[in-house]
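Below is one structure; the comments refer to it alone.
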Amino acid sequence: MTDTAERLSRRYPKSRMPRPLLVGLISVGVVLAMTWLVWTALLHSRPAVAAHVQAFRIDSDTAVSVTITVERRDPSLPATCRVLAQAVDFQPVGEQQIQIAASADPLVDVNLVLTTLRRATAVVVKGCTVN
């Protein structure tokens with residue numbers, strides 16, 4: 001062994017952990033992380049209840065007619081949705097919590113009239129929960 005090789009081997013000693021073991025541990029970690037990622041994505045891709053505004057009509061400066069579509073994974077459970085009317089400056093001008101009764105259909109259309117403080121220009125569903 002030359003003087004340079006000997007100096008390098010003292011400076012950079014062999015690893016305490018064998019390389020195949022290190023590669024195996026990293027591989028297991030990557031597989032576990034990917035499994036968790038796929039499971040989480042599948043779980044959160046379809047919530048227990050979701051809703052969106054199907055249509056709305058501005059009836060007057062103080063009223064908006066709204067049709068929302070609610071989809072539930074388990075239609076036998078009742079749900080609550082929060083509907084919000086917004087003005088042209090995105091300020092909330094009306095809000096209502098609606099109860100969706102249990103039914104046999106997973107997809108339900110709900111019609112309601114929302115009373116507003118001033119003229120609304122948009123209606124959104126802010127969130128739904130299963131009761």
Rounded to the nearest 0.5 Å, what separates atom [atom1] in [X] from atom [atom2] in [Y]?
X      : Y      : atom1 : atom2 : value
Leu114 : Ile98  : CG    : CD1   : 9.5 Å
Ile68  : Ile100 : CD1   : CD1   : 5.0 Å
Leu117 : Asp61  : CG    : CG    : 12.0 Å

- Message: Taking side-chain hydrogen bond (donor to acceptor under 3.5 Å, both in side chains) as the definition, give me every residue that meets it alongside Asn111, ordered by chain and number, with sequence neighbours left out.
- Response: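 Asn111 satisfies side-chain hydrogen bond (donor to acceptor under 3.5 Å, both in side chains) with Thr67 once adjacent residues are dropped.
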In this structure, would [X] and [Y] fall into the same cluster of hydrophobic residues linked by side-chain contacts under 4.5 Å?
X      : Y      : value
Leu77  : Val108 : yes
Val38  : Leu32  : no
Tyr12  : Met17  : no
Val30  : Val23  : no
Val110 : Val64  : yes

Acceptor/donor pairs from residues 45-53 side chains to any protein atom, 3.5 angstrom cut, sequence neighbours excluded:
from	atom 1	to	atom 2	distance (Å)
Ser45	OG	Ala41	O	3.4
Ser45	OG	Leu42	O	3.0
His52	NE2	Gln54	OE1	3.3

Pair up each side-chain donor or acceptor in residues 89-96 with any protein partner under 3.5 Å, not counting sequence neighbours, and list the distances.
from	atom 1	to	atom 2	distance (Å)
Asp89	OD1	Gln91	N	3.3
Asp89	OD1	Arg118	NH2	3.0
Asp89	OD2	Arg118	NH2	3.1
Glu95	OE2	Arg82	NE	2.6

- Query: With sequence neighbours left out, which residue pairs that include part of residues 16-44 fulfil the side-chain hydrogen bond (donor to acceptor under 3.5 Å, both in side chains) condition?
  - Reply: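 Every pair satisfying side-chain hydrogen bond (donor to acceptor under 3.5 Å, both in side chains) with a residue in residues 16-44: Trp36-Thr40.
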- Task: Say whether, by atom type as modelled, one donor and one acceptor occur between the side chain of Asp105 and the main chain of Leu107 under 3.5 angstrom.
- Result: no
- Please report the shortest heavy-atom distance between Arg72 and Ser103, naming the atom on each side.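 So the two residues come closest at NH2-OG, 3.1 Å.
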What donor-acceptor contacts under 3.5 angstrom involve side-chain atoms of residues 120-131, with partners at least two apart or in another chain?
from	atom 1	to	atom 2	distance (Å)
Thr121	OG1	Gln86	O	3.4
Thr121	OG1	Ala87	O	3.2
Thr121	OG1	Val88	N	3.3
Asn131	OD1	Thr80	OG1	2.8
Asn131	ND2	Thr80	OG1	3.0
Asn131	ND2	Gln99	OE1	3.1

- Message: Can you list everything that forms a salt bridge (Lys or Arg N to Asp or Glu O under 4.0 Å) with Arg57? Sequence neighbours excluded, please.
- Response: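 Counting only residues at least two positions away or on another chain, Arg57 forms a salt bridge (Lys or Arg N to Asp or Glu O under 4.0 Å) with Asp59.
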